[in-house]
Novice: 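Below is one structure. I have some questions about it.
Just so it is clear: chains get the letters A, B, ... in the order the sequence lines come, proteins before strands, and each one is counted from 1. Keep in mind it's a predicted model, so treat the numbers as computed, not measured.
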Amino acid sequence: MKALFAKPWIWSFVAAVSVWLATIGVTGGASTVGLSQAALTFAAFSVLVGIGQMFVITLGPGNIDLSVPATMALAGTVALKYMDGQNGLVLHGLIIAIFIGGGVGTLNYALIKALRIPPIIATLSMSFVVQSAAIWTNRGLRIKPPQVLADFTTSTSLGIPNIALVALLMSAVAWVLLHRTPYGRWIMAIGQSLPAARMAGIAVDGNRFVTYLFCAILAAICGYLLACFSGGAALNMGSEYLLMSIAVVVIGGTAVAGGDSNVPGIWGASLFMFLVVSMLNTYGVGAGVRLIMTGVIIITVILLASGRKDAIR
Amino acid sequence: MRISTDMLRIAVPVASLLLLLAGVFYLQPRAMSYNGLNLLFNLAVPIALATIAQMLIMAVNDLDLSMGTFVSFVACVAATYLHDTPILGVLVLLGAIATYAALGVIIYLRDLPSIVVTLGMSFVWGGLAVLILPAPGGTAPEWARAVMISKPPLVPMAIIASVLLAVFAHLLIMRSSLGVLIRGVGGNQRSVQRAGWSVIAARASAYALAACFAVAAGICLVGLTTSADANIALRYTLLSIAGVILGGGEFTGGRISPVGAVIGALTLTLAGSFLSFLRISPDWQIGAQGGILIIVLAVRLLLNRLESKGGAR
């Protein structure tokens with residue numbers, strides 16, 4: 001029990017469960033299943049982009065991928081446009097989305113490496129270009145996703161939303177990558193000290209490149225699924241995931257300074273962020289108060305997290 | 001004559017601005033008039049103010065992800081309270097500036113990541129803006145409107161405002177002892193502390209000054225648009241960071257250039273117009289800003305390489 005409470009990610013789950021209880025307490029348990037399924041679905045999208053962002057943040061201070069929303073928009077738009085509502089092209093669409101993610105990730109790291117600019121600025125410049133490409137291909141079109149995909153993303157298996165199952169699978173892969181492969185050790189080492197990692201003979205450039213690639217591909221997959229889930233790609237569909245992807249990583253107990261990450265916390269934080277919004281909605285609070293509460297919660301969490309670090313010392 | 005690093009730092013942004021301006025004039029000679037210049041640079045004034053604000057935060061090695069929502073919040077306050085009940089409006093804005101100063105202190109005392117704290121604050125400012133102005137509207141204070149549309153003889157208002165801002169910011173940050181202190185905190189916090197200065201006071205004043213410039217940005221923006229909206233300035237977060245970097249500033253070490261930051265903001269604004277004069281579809285406007293950012297950084301890297309080669313000889 002004590003070991004469990006020492007985990008950095010446990011608090012995001014404690015928070016998520018208490019908000020969940022507070023919400024169904026008000027509704028009298030009437031919408032428990034609906035609320036839980038909705039929470040799992042929407043959390044799954046945050047988890048997908050959050051995992052990618054987490055790997056990038058692991059690399060150390062200054063490493064953040066700001067091109068996530070633009071990548072989501074471009075991948076969603078192009079994939080839907082190619083599939084054009086035909087069920088037979090579902091896999092092709094997914095492969096296109098992954099290629100777009102791969103392209104953006106490669107260019108991101110090419111900029112970081114070739115121009116030696118901080119990752120924030122490199123991914124920011126890249127996101128401007130990618131966003132423009134998305135606007136250019138989208139042209140206000142709203143193409144319906146193939147029926148198979150629309151059904152898949154909006155339905156459940158054994159009571160659990162399919163999207164959540166996909167995110168769970170990706171989380172498992174991410175956990176294995178982070179904790180059970182040399183790659184995970186390497187990026188943690190890079191995040192803790194880049195010069196030390198380099199001296200220890202770790203291929204710093206290769207590992208950083210793979211990480212940015214991974215993050216962009218996850219964002220692209222998320223964009224593909226989100227476009228199908230919401231019945232069409234929209235240019236602004238990724239915009240809320242820029243701040244969300246950073247917030248869930250931090251609230252989930254991953255060190256912002258890098259070098260110390262965990263996967264489960266992203267789930268707790270994503271569920272928490274969605275449940276807070278639905279709790280405040282249930283209480284009939286307006287949009288303004290809801291935003292303020294979200295901000296206050298993020299700041300409180302980071303204050304508490306810093307206090308915990310002091311206690312350990 | 002030996003070219004110093006500082007001069008080189010400012011040379012690239014100046015050259016890129018002049019090049020863009022020459023391009024615009026070549027494509028559309030009519031822009032070379034009083035009204036033409038005013039229209040080209042009108043919207044650059046609030047962006048330049050926000051860029052100076054972001055630069056002050058970056059001078060102490062932090063980053064403000066809430067700049068856009070804060071300017072939007074100020075715009076909403078300016079279009080409502082500041083217009084209807086000026087005293088209350090001034091009090092609200094002073095409170096906001098005090099909040100910024102407090103944030104600077106808290107981030108330092110608890111050793112928090114500024115990115116996450118300002119991320120949280122961006123939700124708070126956004127929520128407050130929605131509460132103040134749930135739907136677009138409000139009225140700009142008459143004096144703000146009068147200043148922004150005034151037509152001084154010979155030189156357009158937008159140019160005068162930009163030059164005044166550049167000179168004022170230069171004197172304040174590069175020439176005053178407070179400015180030196182703030183940049184010193186960014187350069188080496190410990191040595192500033194050992195020299196007997198209060199790091200808390202320096203950080204608080206850096207954040208408060210940044211808030212003052214951001215408040216000015218919001219009021220200017222409302223003066224131009226005559227009414228406000230809770231999402232009016234969301235782009236400013238990324239634009240202000242890009243402007244600082246474009247103008248020769250860096251993320252760490254207190255290495256900043258106020259004149260460069262103003263020029264960076266003007267360049268980013270001009271990039272959009274340049275493209276529309278080229279008759280390239282407006283879809284690519286954001287992309288052009290990204291492209292220009294990449295090109296300028298590439299040129300700067302090249303110049304730095306040449307310089308270090310020259311130094312080694």
Side-chain angles (χ1 to χ4, degrees), chain A residues 57 61-62 64 66-67 70 107 111 114-122 124-139 235 239 242-244 246-247 249-251 255-257 286-303 305-307 309-310, chain B residues 63 65-66 69 103 106-107 109-134 230 234 237-239 241-242 244-246 250-252 271 281-302 304:
Chain A
I57 288 177
I64 279 187
L66 293 184
S67 64
L107 288 174
L111 279 184
L115 297 188
R116 295 185 187 173
I117 43 182
I120 294 186
I121 281 297
L124 172 67
S125 332
M126 203 55 221
S127 83
F128 283 158
V129 177
V130 174
Q131 183 70 27
S132 264
I135 295 173
W136 177 66
T137 43
N138 185 295
R139 287 238 164 247
L235 287 174
S239 55
L242 173 60
L243 299 184
M244 194 57 91
I246 303 172
V249 173
V250 174
I251 296 177
V256 191
V289 177
R290 215 171 56 215
L291 282 169
I292 297 173
M293 293 289 290
T294 314
V296 169
I297 287 165
I298 293 178
I299 294 175
T300 314
V301 166
I302 192 74
L303 270 171
S306 77
K309 201 167 57 194
D310 292 347
Chain B
L63 198 62
L65 289 185
S66 65
T69 44
L103 282 180
I106 292 173
I107 288 174
L109 285 182
R110 302 299 306 257
D111 198 15
L112 300 177
S114 62
I115 293 184
V116 183
V117 176
T118 53
L119 175 81
M121 283 313 289
S122 76
F123 287 100
V124 174
W125 299 124
L128 287 172
V130 170
L131 281 186
I132 294 171
L133 213 57
L234 294 190
T237 305
L238 299 184
L239 277 182
I241 300 175
V244 175
I245 299 296
L246 205 52
E250 274 170 37
F251 277 106
T252 51
S281 108
D283 297 351
W284 291 100
Q285 287 219 357
I286 316 172
Q289 292 177 335
I292 286 178
L293 202 54
I294 295 172
I295 292 169
V296 169
L297 289 171
V299 171
R300 196 202 293 175
L301 177 78
L302 207 68
N304 281 347

Novice: Checking A:L115 against chain B: side chain, backbone, both or neither under 4.5 Å from a heavy atom?
Specialist: both

Novice: Looking only at heavy atoms and a cut-off of under 4.5 Å, which of B:V116, B:I241, B:T118 has the most pairs with chain A?
Specialist: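 Option with the greatest count: B:V116.
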
Novice: Side chain from CB out, backbone as N, CA, C, O: work out which of these in B:L234 comes under 4.5 Å of a heavy atom of chain A, or both, or neither.
Specialist: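 Nothing of B:L234, per the 4.5 Å heavy-atom cut-off to chain A.
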
Novice: Given side chain to side chain contact (heavy atoms under 4.5 Å, CB included), test B:I115 with A:I120 step by step and report yes or no.
Specialist: CA-CA 11 Å; B:I115 293 184; A:I120 294 186; 4.3 Å; yes

Novice: Give the minimum heavy-atom separation between A:S125 and B:I294, together with the two atoms involved.
Specialist: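 So the two residues come closest at CB-CG1, 3.6 Å.
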
Novice: In terms of heavy-atom proximity below 4.5 Å to chain A, should B:I132 be classed as side chain, backbone, both, or neither?
Specialist: neither

Novice: B:S122 versus chain A, heavy atoms under 4.5 Å apart: side chain, backbone, both or neither?
Specialist: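 The side chain, not the backbone.
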
Novice: Looking at A:L291 and B:F123, what are the two nearest heavy atoms and their distance?
Specialist: O-CB, 3.3 Å

Novice: With only heavy atoms counted, which part of A:A70 is less than 4.5 Å from chain B, the side chain, the backbone, both or neither?
Specialist: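 Looking at A:A70, nothing touches chain B.
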
Novice: Of all the heavy-atom pairs spanning A:L303 and B:R110, show the shortest one and how long it is.
Specialist: O-NH2, 3.7 Å

Novice: Using non-hydrogen atoms only, which part of A:L66 is less than 4.5 Å away from chain B: side chain, backbone, both, or neither?
Specialist: side chain

Novice: For the residue pair A:I292 and B:L128, what are the closest heavy atoms and their distance?
Specialist: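 That would be CD1-CD2, 3.6 Å.
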
Novice: Between atom CE of A:M244 and atom CG of B:L119, what is the distance when rounded to the nearest 0.5 Å?
Specialist: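 So the gap between those two atoms works out to 9.5 Å.
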
Novice: If you tally heavy-atom pairs under 4.5 Å against chain B, which of A:A122, A:G295, A:A287 wins?
Specialist: A:G295

